[in-house]
A.B. asks: 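The structure under discussion is supplied below as structure tokens; questions concerning it will follow.
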Amino acid sequence: MAASGGRDWEKRTRYCGTLRKEDAGREVVLNGWVQTRRDHGGVIFLDLRDITGIVQVVCNPEFSREAHSSARSVRSEYVLSCRGVVRERPAEAVNPRLSTGEVEVMAERVTVINPSRTPPFEIEEGREVDENLRLRYRYLDLRRPELKEALVLRSRVTREVREFLSSRGFLEIETPILTKSTPEGARDFVVPSRLQPGKFYALPQSPQLFKQLLMVAGFDRYYQIARCFRDEDLRADRQPEFTQIDLEMSFVDPEDVMSLMDEMFVHLFREVLGVELYRPFPRLTWRQAMERYGTDRPDPRWGMEIRDFSGLYRDSEFRVFRSALEVGGRIRGFRVQGLRSPSRRELDELVEEAHRLGAQGLVWMVREGEDLRSPAAKFLSAQEVEGTLRESGLGEGEVLVLAAGGEEVGEVLSGLRDYCARRYFTRPREQYSFVWITDFPLFDWDEEEKRYKSNHHPFTSPSRECLDFLEENPSQVTSESYDLVLNGVELGGGSIRIHDAELQARVFRILGLDEEQAREKFGFLLEAFQYGPPPHGGIAFGLDRLVMIMAGKESIREVIAFPKTQSGTDPLTGAPDAIYPEQLGELRLRPV
RNA sequence: GGAGCCGUGGUGUAGUCAGGUUAACACGCCGGCCUGUCAAGCCGGAGAUCGCGGGUUCAAAUCCCGUCGGUUCCGCCA
């Protein structure tokens, strides 16, 4: 065996997936895993896999008796070192489905570096495998191309984010993982302190306060690919620990942040996916988004904008409409796209879906010539029919859906848009649709606690024009905030922060925090703000969700190397787990 | 906390609604044959107390109750 030093295997000279026709005649050494073995009795074919791809290794006894005999004992997922000569495949044996399909390696020597047990599932593309099994053997799951490619993509995304931001003067600075619990927001993960018995660190929900301190410190532009922790229930797009592209800038307004982020995503999609996006990304105020899409994270790709038809039915004989209007409600709806001359069944399904979404009811109207087919038809005047046709722009056989009620109708219609898009639209007009949503309300009324809560966080700056009525009418106050939505998924959001102590105090008062409480909770930040805080603002994006969309996946688990199950466990390591009584003792903890 | 779907050899599924004799199929695995395959092929073989517990019944993978795990959604979460 031609080993060197203490090794009993030969180091590779090339990667499997890189071999091409031009390499014919070259002697190479490959290191990798056996993807498959095809034994023809005489000749044995091995597909050898490494991070770059797969190449066929031919073990022919006439070429090398030794290689052939070692290959006989080889099985799937064995780790090999193969020395051989690259040669062009015979024309009829070319495999167009492999990037290396025009060549093969004639093995001179095959060394088994390590055998492998038969894997619990097949390491192959597109196989459905039980989620628990996949996670328990994640290192095997990660050998499969989909997952491997997703992580390669993820690495390229973070590299390009770093590349872009550092080229724009941002400094990458780490912030603590062991930190202080902050009120508001999600439930904290908590870590007991040994040195301070009875006291606890909290894991950060985001680096929010630290990045603001970095602005006070004068770093001007900060970013971090930051791990964040929130102890809430999991979803397909939510893990207890997740990663944000987090950044903050000094001396900026919302425009600066948004236009720079436009540039960043254009750069990212160009470099990583080769997709050209158009700048600037469209923007909607929160109010506009709610009005036209019924949600603060619209997907405009489907069209079907919501319109207000209230004016048409002021004096309608149709009681559902008239009585809704009489109590201050509205009639809103949209033209369903992709559905023409529907069956009664399809219409019933729309109504059913609306009920599922919490609607009292749904009225459909189908254009038939100059007339409307609808459960409400016999109550509608000629004028109302004519107006409906005109204002909706309904084509022959097309469907208008209308719902009557208060603002909650928007939510129903939004859900119904999604339903119609899934049901009747096969392909979107564009693959990627970015939208900025701006001017969110600063406060939300919390009905349970009977108080205002921050929509974003307590340091978000109110819009300038709202300063005069901050206290008088908090629910009408908008903020200098912005969310970026991609294909109906909230990618991230941010705001310009308050840098004025007096204004901050006013906001705290509205949130029901007196000076003392504010000092207790955020004292260190407020104190820092007494030493010359610059105007500043920033934003944070969910990296997992971004990569999920870029990779075309349905769950962020598919773009995270070692994710957790919905119940927050890791079947691979067995976390979370009990700890020894001694450990509890050291921490002065006792199970309840 | 609530609702839906899923759980059957190593893997993926059929069988469950309408209970009935050896639980079927594909892949994988093991052995044999085979010198151009690449989802290799052909022949043979092993491998499942049907997630777990209880109940109904002459009889339960199948019906009922409970429980555990996975997953999706609501609540929660920016």
Side-chain angles (χ1 to χ4, degrees), chain A residues 35-49 54-63 68 71 75-77 87 89-98 100-102 104 106 116-137 140-141 184-188 205-206 208 228-240 242 244 246 296-297 356-358 411 415 418 437 440 444 448 453-457 460 481-485 489-495 539-542 545 554-555 557 563-569 571:
Chain A
Q35 175 69 38
T36 50
R37 168 176 172 277
R38 291 178 295 279
D39 185 348
H40 285 241
V43 65
I44 298 174
F45 298 97
L46 299 176
D47 288 344
L48 200 65
R49 181 189 71 234
I54 286 175
V55 71
Q56 173 165 283
V57 174
V58 185
C59 304
N60 189 323
E62 288 168 16
F63 191 80
H68 180 260
R75 293 293 181 273
S76 285
E77 302 305 318
R87 74 164 200 192
R89 292 196 190 189
E92 67 280 6
V94 164
N95 184 350
R97 291 174 32 211
L98 276 184
T100 60
E102 288 188 301
E104 58 194 3
M106 297 301 291
S116 168
R117 291 173 61 180
T118 302
F121 51 84
E122 289 151 67
I123 314 294
E124 251 182 86
E125 195 153 13
R127 278 273 197 308
E128 284 285 319
V129 182
D130 177 74
E131 192 79 15
N132 229 340
L133 247 204
R134 292 181 61 194
L135 292 179
R136 167 139 184 244
Y137 298 97
L140 297 181
D141 200 19
E184 313 257 330
R187 201 173 292 122
D188 286 317
Q205 295 181 21
S206 79
Q208 182 62 33
C228 305
F229 307 86
R230 290 174 191 166
D231 188 6
E232 299 292 349
D233 287 2
L234 286 80
R235 287 283 191 285
D237 62 353
R238 264 164 40 190
Q239 285 269 308
F242 60 100
Q244 284 190 345
D246 186 51
D296 59 5
R297 43 184 188 83
R356 255 197 297 278
L357 291 162
E411 203 179 320
D418 291 343
I437 310 299
F440 281 77
D444 293 326
E448 269 176 42
K453 285 194 159 176
S454 292
N455 177 291
H456 188 50
H457 58 60
T460 302
S481 55
Y482 30 80
D483 270 14
L484 186 60
V485 176
V489 173
E490 183 198 329
L491 266 195
S495 64
I539 193 162
F541 299 101
R545 288 183 185 177
E554 298 291 329
S555 161
R557 290 190 305 275
K564 296 190 173 45
T565 65
Q566 189 161 47
S567 55
T569 64

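Chain identifiers are assigned alphabetically (A, B, ...) following the order of the sequence lines, protein sequences preceding nucleic acid strands; residue numbering begins at 1 within each chain.
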A.B. asks: Within the structure shown, what part of the strands sits under 4.0 Å from A/Asp130 by heavy-atom distance: base, sugar-phosphate, or nothing?
C.D. replies: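 Sugar-phosphate contact only - A/Asp130 comes under 4.0 Å of backbone atoms but never of a base.
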A.B. asks: If you count heavy atoms of other groups shown closer than 6.0 angstrom to CZ of A/Arg297, is the number above 12?
C.D. replies: no
A.B. asks: Look at the side chain of A/Arg89 against the base of B/rC38 and say whether a donor-acceptor pair falls under 3.5 Å; ignore hydrogens and angles.
C.D. replies: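 A donor-acceptor contact between them is present.
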A.B. asks: Taking only the C1' atom of each, what is the distance from B/rC58 to B/rU11 in whole angstrom?
C.D. replies: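 Comparing C1' positions in B/rC58 and B/rU11 gives a spacing of 37 Å.
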A.B. asks: Counting only side-chain nitrogens and oxygens, does A/Arg557 get under 4.0 Å of the OP1 or OP2 atom of B/rU72?
C.D. replies: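 Indeed, a polar side-chain atom of A/Arg557 lies that close.
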A.B. asks: Using only modelled atom types and a 3.5 angstrom limit, is any donor from either the side chain of A/Asp233 or the base of B/rG75 paired with an acceptor on the other?
C.D. replies: yes
A.B. asks: Does any part of the side chain of A/His456, heavy atoms only, come nearer than 4.5 Å to the side chain of A/Gln208, both counted from C-beta?
C.D. replies: no
A.B. asks: Are the side chains of A/Ile44 and A/His68 in contact, using a 4.5 Å heavy-atom criterion?
C.D. replies: yes
A.B. asks: Find the distance A/His457:NE2 to B/rC77:P and express it as a whole number of Å.
C.D. replies: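 Roughly 16 Å, once rounded to whole Å.
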A.B. asks: Ring stacking, A/Phe45 with base of B/rU37, under 5.5 Å and under 30°?
C.D. replies: yes
A.B. asks: If we call it a pair only when both distances are under 3.5 Å in a Watson-Crick or G-U wobble match, what pairs with B/rC5?
C.D. replies: B/rG70
A.B. asks: When the C1' atoms of B/rG47 and B/rA3 are considered, how many whole Å apart are they?
C.D. replies: 38 Å
A.B. asks: Within the 4.0 Å heavy-atom criterion, would you say A/Ala186 contacts the bases, only the backbone, or no part of the nucleic acid?
C.D. replies: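 Counting heavy atoms under 4.0 Å across all strands, the contact made by A/Ala186 is with sugar-phosphate only.
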A.B. asks: Which is true for A/Arg230 with a 4.0 Å heavy-atom rule: it touches a base, it touches only sugar-phosphate, or it touches nothing?
C.D. replies: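 Sugar-phosphate, backbone atoms only, no base.
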A.B. asks: Side chains of A/Gln566 and A/Glu131, heavy atoms from C-beta outward: is any pair under 4.5 Å?
C.D. replies: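 No, side chains not in contact.
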A.B. asks: Give one of base, sugar-phosphate or nothing for A/Asp483, where a contact means two heavy atoms less than 4.0 Å apart.
C.D. replies: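 Nothing: the residue A/Asp483, judged by heavy atoms under 4.0 Å, touches no strand.
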A.B. asks: Taking only the P atom of each, what is the distance from B/rU49 to B/rG32 in whole angstrom?
C.D. replies: 28 Å
A.B. asks: Tell me, do A/Ser76 and A/Thr118 make a side-chain contact under 4.5 Å, heavy atoms counted?
C.D. replies: no
A.B. asks: Under 4.0 Å between any heavy atoms, over every strand shown, what does A/Thr569 touch: base, sugar-phosphate, or nothing? Just pick one.
C.D. replies: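 Since only primed, P, OP1 and OP2 atoms lie under 4.0 Å of A/Thr569, the category is sugar-phosphate.
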A.B. asks: So, does A/Arg97 get its side chain near the phosphate of B/rA39, meaning an N or O under 4.0 Å from OP1 or OP2?
C.D. replies: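 Yes, because at least one side-chain N or O of A/Arg97 sits under 4.0 Å from OP1 or OP2 of B/rA39.
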A.B. asks: Does the side chain of A/Glu77 reach to within under 4.5 Å of the side chain of A/Arg49, using non-hydrogen atoms?
C.D. replies: yes
A.B. asks: Is there a side-chain contact between A/Glu490 and A/Ile437 in this structure, where contact means two heavy atoms from C-beta onward sitting under 4.5 Å apart?
C.D. replies: no
A.B. asks: In whole Å, measure the gap between the P atoms of B/rC25 and B/rG15 for me.
C.D. replies: 15 Å
A.B. asks: Does a sphere of radius 6.0 Å around CZ in A/Arg37 hold more than 12 heavy atoms from other residues, nucleotides or ligands, not counting ones at 6.0 Å or beyond?
C.D. replies: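 Above 12, so yes.
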A.B. asks: In the structure shown, which nucleotide is the Watson-Crick or G-U wobble counterpart of B/rA24, with both distances under 3.5 Å?
C.D. replies: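 Paired with B/rA24, as far as the under-3.5 Å criterion goes, is B/rU13.
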A.B. asks: Quote, to the nearest angstrom, the C1' distance that separates B/rC29 from B/rG70.
C.D. replies: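 Per the computed distance, 26 Å lies between those C1' atoms.
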A.B. asks: Just how far, in rounded Å, is C1' of B/rA78 from NZ of A/Lys453?
C.D. replies: 13 Å
A.B. asks: Under a 3.5 Å cut-off for both contacts, is B/rC63 paired Watson-Crick or G-U wobble with anything, and if yes, with which nucleotide?
C.D. replies: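 In the structure as shown, B/rC63 has B/rG55 as its Watson-Crick or wobble partner.
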A.B. asks: Using atom P of each nucleotide, how far apart are B/rA46 and B/rU13 to the nearest Å?
C.D. replies: 26 Å
A.B. asks: Salt bridge between A/Arg238 and A/Asp233, side-chain N to carboxylate O under 4.0 Å?
C.D. replies: no
A.B. asks: Counting any heavy atom closer than 4.0 Å, what does A/Thr36 reach on the DNA or RNA strands: base, sugar-phosphate only, or nothing?
C.D. replies: nothing
A.B. asks: Expressed in whole Å, how much space separates the C1' atoms belonging to B/rA24 and B/rC68?
C.D. replies: 28 Å
A.B. asks: Quick check: are there more than 12 heavy atoms from other residues, nucleotides or ligands sitting under 6.0 Å from CD of A/Glu125?
C.D. replies: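 Enclosed: over 12 neighbouring heavy atoms sit under 6.0 Å from CD of A/Glu125.
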A.B. asks: As a test of reading the structure: which of B/rA78, B/rC73, B/rC27 is closest to the side chain of A/Ala236, going by heavy atoms?
C.D. replies: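 Nearest nucleotide to the side chain: B/rC73.
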A.B. asks: Applying a 4.0 Å non-hydrogen cut-off, can you work out what A/Gln566 is touching in the nucleic acid: base, sugar-phosphate, or nothing?
C.D. replies: base
A.B. asks: With a 4.0 Å cut-off on heavy atoms, is A/Gln56 in touch with a base, just the backbone sugar-phosphate, or nothing at all?
C.D. replies: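 The residue A/Gln56 makes base contact.
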A.B. asks: Touch check for A/Leu133, heavy atoms < 4.0 angstrom, all strands: base, sugar-phosphate only, or nothing?
C.D. replies: sugar-phosphate
A.B. asks: Is the shortest side-chain N/O distance from A/Ser76 to OP1 or OP2 of B/rG28 below 4.0 Å?
C.D. replies: no
A.B. asks: If we call it a pair only when both distances are under 3.5 Å in a Watson-Crick or G-U wobble match, what pairs with B/rA40?
C.D. replies: none
A.B. asks: Need one value for A/Arg356: base, sugar-phosphate or nothing, where a base atom within 4.0 Å counts as base even if backbone is also close, heavy atoms only.
C.D. replies: nothing
A.B. asks: Indicate whether A/His40 forms a stack on B/rG36; treat it as stacked only if centroid distance is below 5.5 angstrom and interplanar angle below 30 degrees.
C.D. replies: no
A.B. asks: Given atom CZ of A/Arg127 and atom P of B/rA26, what is their separation to the nearest angstrom?
C.D. replies: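 So the CZ-P distance, A/Arg127 to B/rA26, works out to 14 Å.
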A.B. asks: When all nucleic acid strands are considered with a 4.0 Å heavy-atom cut-off, which category describes A/Arg235: base, sugar-phosphate, or nothing?
C.D. replies: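 Result for A/Arg235 = base.
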A.B. asks: So does A/Gln205 get a side-chain nitrogen or oxygen closer than 4.0 Å to the phosphate oxygens (OP1/OP2) of B/rC77?
C.D. replies: no
A.B. asks: Base, sugar-phosphate or nothing for A/Asp39? Non-hydrogen atoms, less than 4.0 Å.
C.D. replies: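 If one applies the 4.0 Å heavy-atom cut-off, A/Asp39 turns out to touch a base.
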A.B. asks: For RNA chain B, whose closest nucleotide is more 5', that of A/Gly42 or that of A/Thr118?
C.D. replies: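 Result: A/Thr118.
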A.B. asks: Between B/rA14 and B/rC76, how far apart are the two P atoms, rounded to whole Å?
C.D. replies: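 36 Å, rounded to whole Å.
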A.B. asks: Which is true for A/Glu104 with a 4.0 Å heavy-atom rule: it touches a base, it touches only sugar-phosphate, or it touches nothing?
C.D. replies: base
A.B. asks: Between C1' on B/rC76 and CZ on A/Arg238, what's the gap in Å once rounded to a whole number?
C.D. replies: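 Those two atoms, CZ and C1', are 7 Å apart.
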A.B. asks: Name the closest nucleotide to the A/Ser567 side chain, picking from B/rG69, B/rC76, B/rU11.
C.D. replies: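 That would be B/rG69.
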A.B. asks: Both A/Leu234 and A/Pro571 contact RNA chain B. Taking the nearest nucleotide for each, which residue is further toward the 5' end?
C.D. replies: A/Pro571
A.B. asks: Decide yes or no, distance alone: a donor-acceptor N/O pair under 3.5 angstrom between the base of B/rG36 and the side-chain of A/Arg87.
C.D. replies: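 Such a pair is found, so the answer is yes.
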A.B. asks: Can you measure A/Glu124 atom CD to B/rA39 atom C1' for me and round it to whole angstrom units?
C.D. replies: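 A/Glu124 atom CD is separated from B/rA39 atom C1' by 7 Å.
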A.B. asks: Roughly how many Å is it from CD in A/Glu102 to P in B/rG36, rounded to a whole number?
C.D. replies: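 Those two atoms, CD and P, are 22 Å apart.
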A.B. asks: Checking only heavy atoms, does the side chain of A/Arg38 share a donor-acceptor pair with the base of B/rC34 at less than 3.5 Å?
C.D. replies: no
A.B. asks: Can you figure out which of B/rG31, B/rC76, B/rU72 approaches the side chain of A/Ser555 most closely?
C.D. replies: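 The closest nucleotide is B/rU72.
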A.B. asks: At 4.0 Å (heavy atoms only), tell me whether A/Asn132 reaches a base, stays on the sugar-phosphate, or touches nothing.
C.D. replies: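 Touches sugar-phosphate only.
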A.B. asks: Please report the distance, rounded to the nearest Å, between CZ in A/Arg37 and C1' in B/rU35.
C.D. replies: 14 Å
A.B. asks: From CG of A/Asp47 over to P of B/rG36, roughly how many Å is that when rounded to an integer?
C.D. replies: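 In whole Å, B/rG36 P lies 17 Å from A/Asp47 CG.
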